[in-house]
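Throughout, protein chains are lettered first and strands after them, A, B, ... in sequence-line order, and every chain is numbered starting at 1. We use all heavy atoms of the structure for the numbers below, so side chains are in, but hydrogens, waters and symmetry mates are not.
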Amino acid sequence: MKLEKEKHDKREKKKIKLSSKDREKEPNGKHKPSSKVKQSDSPSAVSSSAVKCEAGDGDMHEDVKADPSERAQHDGHEKSGSLEINNNIEKNNNKQKTQSKSSKERHNRKEKSEQTADVKPVDGDSNQADEGQGCESEATRKQETDEPQAAAPVKIKKKKVKDEKSPDDKNQPSGKKRKKQSPEHDKAEKSKNIERDEDDKKKKKAKKEDKKDQESDKWKWWEEGKLSDTQKWSSLEHKGPYFAPEYEPLPDNVCFCYDGQPVKLSPATEEIASFYAKMLDHEYTTKEVFQNNFFSDWKEEMTPKESELIQTLSKCDFSQIHKYFVEKSEERKNMTKEEKQVLKDEASRLTEEYGYCLLDGHREKIGNFKLEPPGLFRGRGEHPKMGKLKKRIQPEDVAINCSENSKIPEPPAGHRWKRVQHDNTVTWLASWLENIHGRPKYIMLNPSSKLKGEKDWQKYETARRLKMRVNSIRKQYRRDWKSREMKIRQRGVAIYFIDKLALRAGNEKDDESADTVGCCSLRVEHISLHRRLDGQEYVVEFDFLGKDSIRYYNKVPVEKQVFKNLKLFIKYKDPEDDLFDRITTINLNKTLNESMSGLTAKVFRTYNASTTLQDQLNKLTTEDMTVEEKILSYNRANRAVAILCNHQRAAPKTFEKSMQLLQEKIQKKKEQIEEAKKELKEAKKAHKDAPSDKSKKLLEKKEKAVQRLSEQLKKLQLQETDREENKVIALGTSKLNYLDPRITVAWCKKHQVPIEKIYNKTQRDKFAWAIDMTDENFQF
DNA sequence: GGTTGCACTTAGCATTTGCGTA
DNA sequence: TACGCAAATGCTAAGTGCAACC
């Protein structure tokens, strides 16, 4: 009861903070009509809620909350029955849920909700023994025979050699087209060429050796033992973070204008103005919340004189500043190769100096060694803090973590660190508090590092352990659906959703963030119940904004008991009430941990994603396929996971155009094939009429041409299918975070697909442990 | 048992790089 | 060689979950 009250109070607090005016607005700032507000404002609406369900077990009103035309159907999804991804992401992701309620009404609602509780404790949970822990070592550890990284450096080398030509050489026509020169000139040219070739060879050799060194230097931490769960390192040394460059004031000819008059701003005020000016092209600056947050934070940084003068944002003219930055960006784009190379060299130097640390004697790459520069906060979705000023991080804000006996990083001249600590139970190198939410941020290692890799490996091992326990866990949550205790029923249904739909846990959120939810924080307004829908029984329609304000829309047939429970959970509740008001992620995870050590809601996502990949790969791959077809199968399996996990992306801006180009290419190829076939027919006839060696050769040539063109066509068509199917689906997130890489490596080895066709360089670095240790027999 | 802070993973968008093609 | 595009990489927001504390 107390828990429910607290949940309610929290929500209440949040609602008060977020003005109803803001909440009822569409992302574009326009007010949208809100029937839901009306409904909940009326006292008679108390039990009617946005969730429509039948009265009793009889016929049901089949109500769909949003315009069905807005929802793209996506069928054929095995796991959830019918997962639907909305193609119109931009539109739908920004869709805001209308919510408004007076606190008095909310209080009444809480009391009503209390009436629904059965509080007879039933001991339904069974503790189950743990299984093996930690990272299992693979039975077979095979050395990687391919050199997946070879391709890219060779190409770079080629280009470099080309670039190193003297200016004279650059202008010389090459090869056969060269004009005849004098013998002296030829001789000089020849010796030049020899020189160049030798130089080339030397460089190639050096590079090869470098690479060899790097390979042999590569730390195979997975072949060593782990320190302990708490101790993360024995020694850690680094250079500290790299600070963002100081602000460069605008040239005198670039003016900020207020009320039509040019105003020279102080450097601090001007810097913040430049943050806004840079974003003028972006939709953010059209949003009222963004504008208000920016303006109030900006005002705080102004001098008293500036603050007195600048009273309204609408009178501020940033256009000159905006133009200046656009021009600067153009200039950068139009730099010569040499100028670009200077910048590139400087960046490499920085990475070399700050981008690596020494961890237990091994050189490890740092993930983010550059401190975040100041700017304006860009939240995702309808974030109440968008537009606020992200302040410049000073050395005095930064805590350093390294070993006691190491060389302590030097703070910038005239400054000192916030503190220097030597805590080997954490993995971060530096940390600071960001000023928007007051939360800590960290500088940590790259995913290719031991610390990250080990944790990743462990994650997949936990998911594999779940595979062994999942049947008994499923039996248990089915039993819980019939518990006499409301809390246990809710928990049973929540775990069912987490398992079946790969929903996130849904922790309680602080008051000042976008209104997004996960499983445990679902509200009544996020589901609609349909006794029958599209020929299926007991359908739950989900519609809510999840992490990053990505819309989750799905119509799922569920078991009858789940459906009945959901009806019970929403009884006497209003749209904004919690669907699972008796549980939190903490007690849900506690229950899961009792079933299996290390089990949390998150593990189900990893487990279901990896299982789906393995099943789909088995189903979609056959031996007679070409490598291209196998890759398409892999992408399809990957896509099934991305759909399950609801990993969406905005369609690429150039999507339509590039598809059109591809289609034109396909058409052209088809025409070429037709032409080639005609020629083949003629060659056949010629050979039949007057057989000779020449005619035979010609015939063979034409046959090969048709075959080659047909293969090219097939490749293009596969590309077209793949691209179309990937339009709004992001494959990368699941590949990097949810799919046990050993499944991929085993599949590549079994089906002779080069690993670099599936994993790029970064991914191969991250999954080096899996690539090294996995053979083709690996089973998740 | 709940709250809070901290440490870490997961996530999509923005920017840069480099490849294929005209 | 320049250009346009897709892929790769970088950036940082937004989640999860644990442990200390009350």
Side-chain angles (χ1 to χ4, degrees), chain A residues 2-3 6-7 10 89 93 151-152 155-156 158-159 162 170-171 230 232 282 329 332-334 337 340 343-344 347 351 367-373 375 377-381 383 385-386 390 399 401 423 425-428 431 433-434 436-442 444-447 451-452 455-456 459 504-510 513-514 516-518 520-521 546-550 584-590 592-593 598-603 605-606 645-650 652-655 657-658 661-662 665 719 723 726 730-734 736-738 759-763 765:
Chain A
K2 196 182 167 193
L3 173 66
E6 274 155 5
K7 271 187 161 187
K10 259 191 171 177
I89 286 183
N93 283 349
K155 277 174 186 167
I156 291 164
K158 269 183 184 171
K159 198 159 190 177
K162 215 172 169 185
K170 278 184 195 166
N171 298 328
T230 44
K232 304 288 168 40
H282 206 286
S329 154
R332 266 176 71 91
K333 271 186 212 158
N334 296 330
K337 227 177 204 172
K340 279 183 185 165
L343 291 182
K344 216 174 156 185
T351 308
N368 55 327
F369 64 89
K370 288 178 180 168
L371 287 176
E372 293 171 19
F377 174 73
R378 308 175 178 209
R380 309 243 166 95
H383 201 295
K385 293 199 170 187
M386 63 167 80
K390 261 180 69 173
N401 193 36
D423 182 357
T425 67
V426 295
T427 65
W428 54 268
S431 75
L433 288 180
E434 52 100 11
I436 304 290
H437 302 95
R439 282 196 291 239
K441 288 207 166 187
Y442 303 92
M444 287 190 187
L445 294 184
N446 186 271
L451 287 179
K452 296 288 180 191
K455 205 73 193 294
D456 218 27
K459 174 180 78 183
R504 293 187 187 86
N507 282 325
E508 282 290 309
K509 294 181 70 184
D510 58 21
S513 51
T516 62
V517 297
C520 292
S521 48
K547 184 178 178 180
D548 293 318
S549 295
I550 296 292
T584 64
T585 53
I586 294 173
N587 54 47
L588 185 136
N589 279 337
K590 205 175 155 227
L592 290 174
N593 193 57
L599 182 61
T600 63
K602 194 162 90 78
V603 179
R605 257 167 100 81
T606 313
C645 295
N646 200 37
H647 291 146
Q648 300 186 23
R649 62 168 187 170
K653 282 170 196 157
T654 52
F655 183 82
K657 200 181 162 193
S658 75
L661 278 173
L662 192 58
K665 254 185 187 176
Q719 210 181 330
R723 206 181 283 177
N726 269 349
L731 299 185
T733 310
S734 50
L736 277 177
N737 302 301
Y738 290 105
Y759 287 148
N760 63 34
K761 169 93 171 68
T762 316
Q763 291 159 346
D765 285 345

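Distance A:L445 CG to B:dA7 C1': 14 Å, rounded to the nearest Å. Put simply, CZ on A:R649 is 11 Å from C1' on C:dA7, counting in whole angstrom units. In this structure, the CG atom of A:D765 is 11 Å from the P atom of C:dG10, given to the nearest Å. Whole-Å rounding puts the A:K344 NZ to B:dG18 C1' distance at 9 Å. The distance from atom CZ of A:R605 to atom C1' of B:dT9 is 12 Å, rounded to the nearest whole Å. Following rounding to the nearest Å, A:N587 (CG) and B:dG1 (P) show an atom-to-atom distance of 10 Å. Counting to the nearest Å, the C1' atom of B:dT10 and the CG atom of A:D456 are 11 Å from each other. One interatomic measurement links the two molecules: CG of A:N726 to C1' of C:dA6, which rounds to 12 Å at whole-angstrom precision.
Where A:G438 and A:H282 each meet DNA chain B at their nearest nucleotide, the meeting point lying more 5' is that of A:G438. Heavy-atom nearest nucleotides on DNA chain B were determined for A:S734 and for A:R332, and the one closer to the 5' end corresponds to A:S734.
Judged as a ring-ring contact (aromatic ring centres under 6.0 Å, His included), and not counting sequence neighbours, the contacts of A:Y738 are A:H647. Contacts of A:H437 classified as ring-ring contact (aromatic ring centres under 6.0 Å, His included), with partners at least two apart in sequence or in another chain: A:F377, A:H383. Partners of A:R378 according to the salt bridge (charged side-chain N to carboxylate O under 4.0 Å, His left out) rule, which considers only residues two or more places apart in sequence or in another chain, do not exist here. Applying the side-chain hydrogen bond (donor to acceptor under 3.5 Å, both in side chains) criterion to A:N401, with sequence neighbours excluded, gives A:Q421. Remark: A:N737 pairs with no residue by the side-chain hydrogen bond (donor to acceptor under 3.5 Å, both in side chains) rule, at least two apart or across chains.
Among the nucleotides B:dG12, B:dC8, B:dG1, the one closest to the side chain of A:W428 is B:dC8. With C:dA8, B:dT9, B:dC13 as the choices, the nucleotide that has an atom nearest any side-chain atom of A:N760 turns out to be C:dA8. Here the side chain of A:K452 is nearest to one of B:dC13, B:dT10, B:dC8, namely B:dC8. Distance from the side chain of A:A730 is smallest to B:dG12 among B:dA11, B:dG12, B:dC6.
Across all strands shown, A:S431 has no heavy atoms under 4.0 Å from either base or sugar-phosphate atoms. Contacts of A:K232 with the nucleic acid, taken as non-hydrogen atoms under 4.0 Å apart, involve only primed sugar atoms and P, OP1 or OP2. In this structure, A:K333 reaches neither bases nor backbone, as no heavy-atom distance under 4.0 Å exists between it and the strands shown.
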Per-nucleotide protein contact string for nucleotides 12-19 of chain C, where B marks a base within reach and S marks sugar-phosphate only (heavy atoms under 4.0 Å, - for neither): SSBSBBS-
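OP1 and OP2 of B:dG2 both lie 4.0 Å or more from every side-chain N or O belonging to A:T584.
Applying the 6.0 Å contact sphere to NZ of A:K590 captures no more than 12 heavy atoms from other residues, nucleotides or ligands.
A side-chain donor-acceptor contact under 3.5 Å links A:N368 to the backbone of A:Y442.
We find the CZ-OG1 distance between A:R380 and A:T516 to be 11.5 Å, quoted to the nearest 0.5 Å.
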